[in-house]
Amino acid sequence: MAALSILAIAVASGKVGYVFLSGGKLQDWGLAYKTTQSPGDLVGYVQELINTLCPDVVVTEKLATGCRKGQRAKALIRSISELASHNAVLDVAVTRPRLFPSKYEEAVSLAEAYPEMTGYLPKQRRRIFDYEPRSMTLFEALALADQVIQGPPTQLAAAMG
């Protein structure tokens, strides 16, 4: 069986990050800012990614009760899931893993597993009054993709029906 290609998309306040893995290797990643203005803009952007990268699986965050996203971000995530369901891709929603004390420790661990992302690590941890570095959205998307790769196959099986 051929390895799956995975497009994971993370939505944060005012930004969207994506990572594309094929055969367990990181192939492409990026951030977008203007596409979060409306669900229509984001849907067009994600459709372009699907057309260009041709993933087998599109991964988003599961909008369960423990989800810490705001209403606007949740609406954007719903629009991505709906778009994926209209394409010939498997739509998988995973619970955001919280395996580390903070996002920064998680980012360091992910950068060790995917060395291409080392340059996107924040220089220092943010203080409570600082804005979160934009690159953290990339690590959030990578954590979602890694959850599908490392997680139990039941997630993919449940998405298949």
Side-chain angles (χ1 to χ4, degrees), residues 6-21 26 28-53 55-110 117 120-122 124-152 154-161:
I6 298 172
L7 174 63
I9 302 168
V11 178
S13 179
K15 55 193 168 282
V16 170
Y18 77 89
V19 294
F20 178 69
L21 292 95
L26 191 59
D28 193 19
W29 58 90
L31 290 167
Y33 307 102
K34 292 184 180 181
T35 58
T36 60
Q37 300 301 317
S38 74
D41 292 341
L42 182 58
V43 164
Y45 177 72
V46 173
Q47 184 64 59
E48 194 173 304
L49 287 173
I50 291 172
N51 293 345
T52 304
L53 300 172
D56 299 315
V57 181
V58 173
V59 182
T60 56
E61 184 172 350
K62 190 175 202 173
L63 299 177
T65 54
C67 180
R68 299 179 182 178
K69 301 290 182 187
Q71 292 304 314
R72 187 158 195 250
K74 286 180 180 179
L76 293 172
I77 292 169
R78 275 189 218 96
S79 67
I80 295 169
S81 293
E82 187 175 327
L83 172 71
S85 70
H86 294 304
N87 281 275
V89 297
L90 188 59
D91 175 30
V92 177
V94 295
T95 305
R96 175 91 165 85
R98 307 256 183 234
L99 306 173
F100 297 89
S102 76
K103 289 182 177 183
Y104 299 93
E105 283 87 3
E106 178 182 49
V108 169
S109 175
L110 288 167
M117 300 302 287
Y120 293 93
L121 283 171
Q124 63 185 23
R125 290 181 63 159
R126 80 177 180 106
R127 296 168 292 191
I128 193 75
F129 51 84
D130 290 336
Y131 288 109
E132 183 175 87
R134 293 178 175 181
S135 62
M136 290 306 288
T137 311
L138 289 173
F139 290 102
E140 190 174 332
L142 191 54
L144 293 172
D146 199 53
Q147 182 76 4
V148 170
I149 292 170
Q150 304 298 330
T154 54
Q155 290 176 335
L156 290 174
M160 289 179 185

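It should be emphasised that the depicted structure is a prediction, and the values quoted were computed from it without experimental measurement.
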query: For the atom pair CG (Leu144) and OG1 (Thr95), what is the distance rounded to the nearest 0.5 Å?
result: 9.5 Å
message: Suppose we screen for side chain to side chain contact (heavy atoms under 4.5 Å, CB included). Which residues come up paired with Arg78, at least two apart in sequence or across chains?
response: Leu63, Lys74, Ala75
query: Taking all atoms of both residues into account, what is the closest heavy-atom pair of Arg72 and Ser38, and its distance?
result: NH2-N, 4.2 Å
- prompt: Out of curiosity, Gln147 CD to Leu99 CG, how far, rounded to the nearest 0.5 Å?
  reply: 6.5 Å
query: If you round to the nearest 0.5 Å, how far is CG of Asn51 from CG of Asn87?
result: 7.0 Å
message: For Tyr120, is there any backbone N or O sitting under 3.5 Å from a side-chain donor or acceptor partner on Ser135?
response: yes
- request: Please indicate whether Lys62 has more than 12 foreign heavy atoms, meaning atoms of other residues, nucleotides or ligands, lying under 6.0 Å from its NZ.
  value: no
- prompt: Rounded to the nearest 0.5 Å, how far apart are CE of Met136 and CG of Leu121?
  reply: 8.0 Å
- request: Calculate, to the nearest 0.5 Å, the distance between atoms CD1 and CD belonging to Ile80 and Glu82 respectively.
  value: 11.5 Å
message: Between Leu90 and Asp56, is the side-chain contact (heavy atoms from CB on, under 4.5 Å) condition met? List the steps.
response: CA-CA 6 Å; Leu90 188 59; Asp56 299 315; over 6 Å; no
message: Could you report the tightest heavy-atom contact between Ala143 and Glu106, atom names first, then the distance?
response: CB-OE2, 3.4 Å
task: Determine the minimum heavy-atom distance between Val89 and Ala84, stating which atoms define it.
output: CG2-O, 3.5 Å
query: Ala145: what forms a side chain to side chain contact (heavy atoms under 4.5 Å, CB included) with it, not counting sequence neighbours?
result: Ile6, Ala8, Val19, Leu21
message: Measuring from atom CG of Asp91 to atom OG1 of Thr60, what distance do you get when rounded to the nearest 0.5 angstrom?
response: 5.5 Å
query: Between Lys15 (side chain) and Arg134 (backbone), is there a donor-acceptor pair under 3.5 Å?
result: no
- prompt: Taking all atoms of both residues into account, what is the closest heavy-atom pair of Leu31 and Gly17, and its distance?
  reply: CD2-CA, 3.8 Å
- request: Start with the C-alpha gap between Phe139 and Met117, add the side-chain angles, then the distance that decides, and say whether side-chain contact (heavy atoms from CB on, under 4.5 Å) holds.
  value: CA-CA 8 Å; Phe139 290 102; Met117 300 302 287; 3.8 Å; yes
field: Listed partners of Glu48 passing side chain to side chain contact (heavy atoms under 4.5 Å, CB included), at least two apart
entry: Thr52
statement: Heavy atoms of Tyr18 and Tyr45 approach each other most closely as CE2-OH, 3.3 Å
Shortest non-hydrogen separation from Gly30 to Leu138 and the atoms involved: O-CD2, 3.3 Å
query: Tell me, do Leu26 and Leu142 make a side-chain contact under 4.5 Å, heavy atoms counted?
result: yes
task: Please tell me if the side chains of Lys34 and Asp41 come closer than 4.5 Å, counting only heavy atoms from C-beta onward.
output: no
